[in-house]
Each structure stands twice: as C-alpha cells, then as structure tokens.
Chemist: 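Structure in structure tokens, see below.
Source: prediction; values computed, not measured.
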Amino acid sequence: MSSHAGRVAVVTGGAAGIGQAYAQRLAADGANIVVGDIADGAETVALVEAAGAEGIAVRCDVSDAEDMAALAAAARERFGAVDILVHNAGIYPICEFKDMTFEDWRKVLAVNLDSMFHACHEFLPGMRERGWGRILCIASTTFHDGTPGMAHYVASKGGLIGFLRSLAAEIGEDGVTINALAPSLVRSKGTLEGPHEELGLFELVAQGQAIKRTQEPADLVGACSFLTSDDASFITGQTLVVDGGWQRA
C-alpha cells in the first residue's frame with residue numbers, strides 16, 4: 001500500500017516549481033491532490049492524474065481569508081475531507097531595508113505568514129475532529145543566517161517557525177502534527193524568474209554547502225512525504241533543514 005493511500009492533500013502554491021513537485025510526489029504516494037494557487041494549476045493536475053491520483057485546481061490568493069475559505073470548501077466538496085496541508089505558497093522579493101516601504105513589508109507578511117493563520121483556521125478543525133492530520137509549512141535557512149536584503153521575508157519565515165512551535169503544543173493530543181521544511185536556495189521557476197542567477201547566488205550558495213550542487217525541488221519531496229505520513233506521527237513542532245549542509249552549526 002502506498003504511504004498516502006486514501007489521503008487528501010492540499011498543496012498551496014502548487015501550480016509550478018517546488019509546490020508542483022510536492023503535489024506530484026504525494027500523488028505518486030497515493031494521495032488525491034487539491035492545488036491552491038493564484039496561477040493556473042492545470043499542469044499540476046495533469047501530473048497528479050498521470051501519477052494515478054485525482055486532482056483539482058482552485059484559484060486562491062492565500063493572503064485572502066475568503067479565498068482560503070473557498071479553497072477549503074472546494075476541497076471538501078470534491079473529496080469530503082482534507083488530511084494533509086502542505087502550505088508552500090510564498091513570495092521572496094529582494095529589497096534592502098532602506099528602500100522597503102511598509103506596503104512591501106505587509107505584502108510579504110500577508111502572503112507568507114498571515115496565510116498560515118488562514119489555512120490552519122480552515123483545515124485544522126476537521127483534522128482535530130477526525131483525530132489525524134499533517135500540516136507542513138515551508139520555512140527557510142534565511143531565518144538562521146539572516147540573509148541581507150530580505151528582512152520582510154526572513155521575518156515571515158521566523159514567524160512561521162514560532163507559530164508552528166506554539167500550535168504543535170495545542171494540537172498534539174488530537175493526532176495532528178505540524179512541522180516545517182527549511183530549504184536553502186532552490187533552483188525553481190520562481191527563483192529563475194528573479195535576479196538570483198544574474199547575481200551568482202546559485203553558485204555562491206552551492207559552494208558553501210557540504211553537497212556542492214544547486215538544490216532542486218526533487219531534493220525536498222522525500223522529506224515532505226515523510227513528514228506528512230504515519231511514520232512521522234511522533235514528530236511535531238520541528239523545522240527540518242534540508243539544504244545540502246549549508247547550515248552545519
């Protein structure tokens with residue numbers, strides 16, 4: 001039996017890049033998939049179906065509480081219940097603090113952190129009621145090394161880590177776990193559209209890692225599958241760093 005057979009997983013930011021890789025892996029493990037993204041998720045749904053699972057895509061601005069509620073309603077209407085939430089959606093603009101406006105700050109916090117509040121409000125109650133659930137959010141190694149030019153992003157990822165640590169203590173007795181993955185700089189659709197290549201950041205980070213190659217979405221999907229499975233039932237409130245040995249202290 002596949003490790004996620006019979007489960008239903010919501011993957012936010014699943015239309016492309018790392019989120020698409022998560023959705024494809026969970027589908028291969030037997031889960032049916034709900035993709036929530038502001039972009040068209042049809043490509044991911046096709047990959048999910050090719051893996052032998054069922055999938056739907058719902059347009060969702062994760063920073064908007066009403067959109068998140070609509071995503072949850074669509075998931076329940078199609079599949080009845082949601083067992084796994086992989087909250088992957090996020091933005092990562094590069095902006096020095098001296099040039100950062102409060103509107104810049106609030107946008108990143110809304111998409112990266114407020115959205116976790118909205119998602120948990122929508123999906124957690126059903127998990128607690130059924131006595132089983134897995135919530136996985138995506139943190140970042142930037143929280144540990146304080147990457148410059150990303151104060152809003154680093155703050156949002158630190159907020160996620162604090163949030164899950166506290167919430168884990170409230171929901172542990174209900175059979176629900178909440179954890180995070182913290183990747184380094186991943187070569188994905190999103191980062192390739194930014195200045196990372198031009199600035200030489202992929203090579204810089206790779207040379208600082210113990211494993212000296214650029215991280216790819218495929219490097220994260222095994223950890224995602226594990227932390228959302230029955231095998232990880234005694235792991236909660238944790239942030240697993242998956243970065244090729246960038247953070248070794």
Side-chain angles (χ1 to χ4, degrees), residues 1-62 67-91 111 115-116 118-120 122-124 126-127 130 132-138 176-181 183 186-193 215-232 242:
M1 180 179 293
S2 300
S3 58
H4 292 76
R7 305 292 190 196
V8 175
V10 168
V11 181
T12 65
I18 303 171
Q20 185 177 85
Y22 291 143
Q24 194 171 5
R25 172 57 185 266
L26 293 176
D29 289 340
N32 295 322
I33 306 296
V34 179
V35 178
D37 204 310
I38 57 172
D40 185 357
E43 181 179 271
T44 301
V45 170
L47 292 170
V48 164
E49 292 174 345
E54 298 179 34
I56 61 170
V58 181
R59 189 194 182 282
C60 178
D61 174 353
V62 295
D67 269 21
M68 190 67 75
L71 174 64
R76 288 191 295 267
E77 181 179 357
R78 178 64 180 84
F79 295 113
V82 171
D83 308 292
I84 298 166
L85 169 65
V86 178
H87 188 43
N88 164 77
I91 55 175
V111 173
S115 61
M116 187 64 175
H118 300 322
C120 287
E122 291 300 330
F123 295 106
L124 179 57
M127 295 178 182
R130 293 186 300 278
W132 197 97
R134 298 288 182 267
I135 299 172
L136 183 67
C137 63
I138 311 305
V176 183
T177 67
I178 179 169
N179 294 290
L181 292 180
V186 182
R187 188 185 299 277
S188 67
K189 183 177 184 293
T191 55
L192 288 172
E193 290 175 349
Q215 188 169 17
E216 304 286 345
D219 296 318
L220 291 160
V221 298
C224 171
S225 178
F226 169 66
L227 288 173
T228 56
S229 72
D230 284 320
D231 287 338
V242 184

Chemist: Could you tell me if the side chain of V176 sits less than 4.5 Å from the side chain of W132, heavy atoms only?
Modeler: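 SC-SC contact between W132 and V176 ruled out.
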
Chemist: Return each pair, listed once, that meets salt bridge (Lys or Arg N to Asp or Glu O under 4.0 Å) where at least one residue sits in residues 67-90; pairs must be two or more places apart or across chains.
Modeler: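 Non-adjacent pairs meeting salt bridge (Lys or Arg N to Asp or Glu O under 4.0 Å): E54-R78, R59-D67.
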
Chemist: Rounded to the nearest 0.5 Å, what separates atom CG in N32 from atom CZ in F79?
Modeler: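 N32 CG to F79 CZ: 4.5 Å, rounded to 0.5 Å.
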
Chemist: State whether the number of non-hydrogen atoms from other residues, nucleotides or ligands found under 6.0 Å of E216 atom CD is greater than 12.
Modeler: yes

Chemist: Between P217 and A21, which heavy-atom pair has the shortest distance, and what is it?
Modeler: CB-CB, 3.8 Å

Chemist: Quick one: does L220's side chain get under 4.5 Å of Q215's, heavy atoms only?
Modeler: yes

Chemist: Taking it one step at a time, do V35 and Y22 satisfy side-chain contact (heavy atoms from CB on, under 4.5 Å)?
Modeler: CA-CA 10 Å; V35 178; Y22 291 143; over 6 Å; no

Chemist: Ignoring hydrogens and angles, tell me if any N or O in the side chain of R130 forms a donor-acceptor pair with the backbone of G126 under 3.5 Å.
Modeler: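 Yes: the side chain of R130 pairs with the backbone of G126.
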
Chemist: May I ask you to decide if G14's main-chain N or O and D37's side chain share a donor-acceptor pair within less than 3.5 Å?
Modeler: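 Present.
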
Chemist: Quick one: are H87 and S115 in side-chain contact, heavy atoms under 4.5 Å?
Modeler: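 The answer is yes; the side chains approach within 4.5 Å.
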
Chemist: Please find the pair of heavy atoms, one from V45 and one from G55, that lie closest to each other, and give the distance.
Modeler: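 Shortest heavy-atom separation between V45 and G55 comes out as CG1-O, 3.5 Å.
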
Chemist: Give the minimum heavy-atom separation between T44 and A23, together with the two atoms involved.
Modeler: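 Taking T44 first and A23 second, the nearest heavy atoms are CG2-CB, 3.7 Å.
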
Chemist: Restricting to non-hydrogen atoms, name the atom on A223 and the atom on V242 that form the minimum distance, rounded to 0.1 Å.
Modeler: CB-CG2, 4.1 Å

Chemist: Report the distance from atom CD1 of I138 to atom CE of M116, rounding to the nearest 0.5 Å.
Modeler: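 Reported to 0.5 Å precision, the distance equals 9.5 Å.
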
Chemist: Would you find more than 12 non-hydrogen atoms of other residues, nucleotides or ligands less than 6.0 Å from I91 atom CD1?
Modeler: yes

Chemist: Ignoring hydrogens and geometry, is there a side-chain-to-backbone donor-acceptor pair from S229 to F226 under 3.5 Å?
Modeler: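 It does hold such a pair.
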
Chemist: To the nearest 0.5 Å, what is the distance between CG on D29 and CD on Q24?
Modeler: 11.0 Å

Chemist: Within this structure, what is the CD1-CG distance for the pair I18 and D219, rounded to the nearest 0.5 Å?
Modeler: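 Nearest 0.5 Å value for the CD1-CG distance: 10.0 Å.
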
Chemist: So, do C120 and I135 sit near enough that their side-chain heavy atoms are less than 4.5 Å apart?
Modeler: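 Of all side-chain heavy-atom pairs linking I135 with C120, at least one is under 4.5 Å.
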
Chemist: I'd like to check the side-chain contact (heavy atoms from CB on, under 4.5 Å) partners of T228; sequence neighbours left out, ordered by chain and number.
Modeler: H4, L26, I84, V86, R134, L136

Chemist: Taking the side chain as every heavy atom from C-beta outward, state whether D230 and S3 have any atom pair closer than 4.5 Å.
Modeler: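 The answer is no, as the side chains (C-beta and beyond) never meet within the 4.5 Å cut-off.
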
Chemist: Please enumerate all residues that pass side-chain contact (heavy atoms from CB on, under 4.5 Å) together with V58, with sequence neighbours excluded.
Modeler: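 Expected list: V34, I56, L71, A74.
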
Chemist: How many angstroms lie between atom CE of M127 and atom CG of L85, to the nearest 0.5 angstrom?
Modeler: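 M127 atom CE to L85 atom CG measures 5.5 Å (nearest 0.5 Å).
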
Chemist: For A15, does its backbone N or O pair with a side-chain atom of Q20 as donor and acceptor, under 3.5 Å?
Modeler: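 Yes; at least one donor-acceptor contact below 3.5 Å.
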
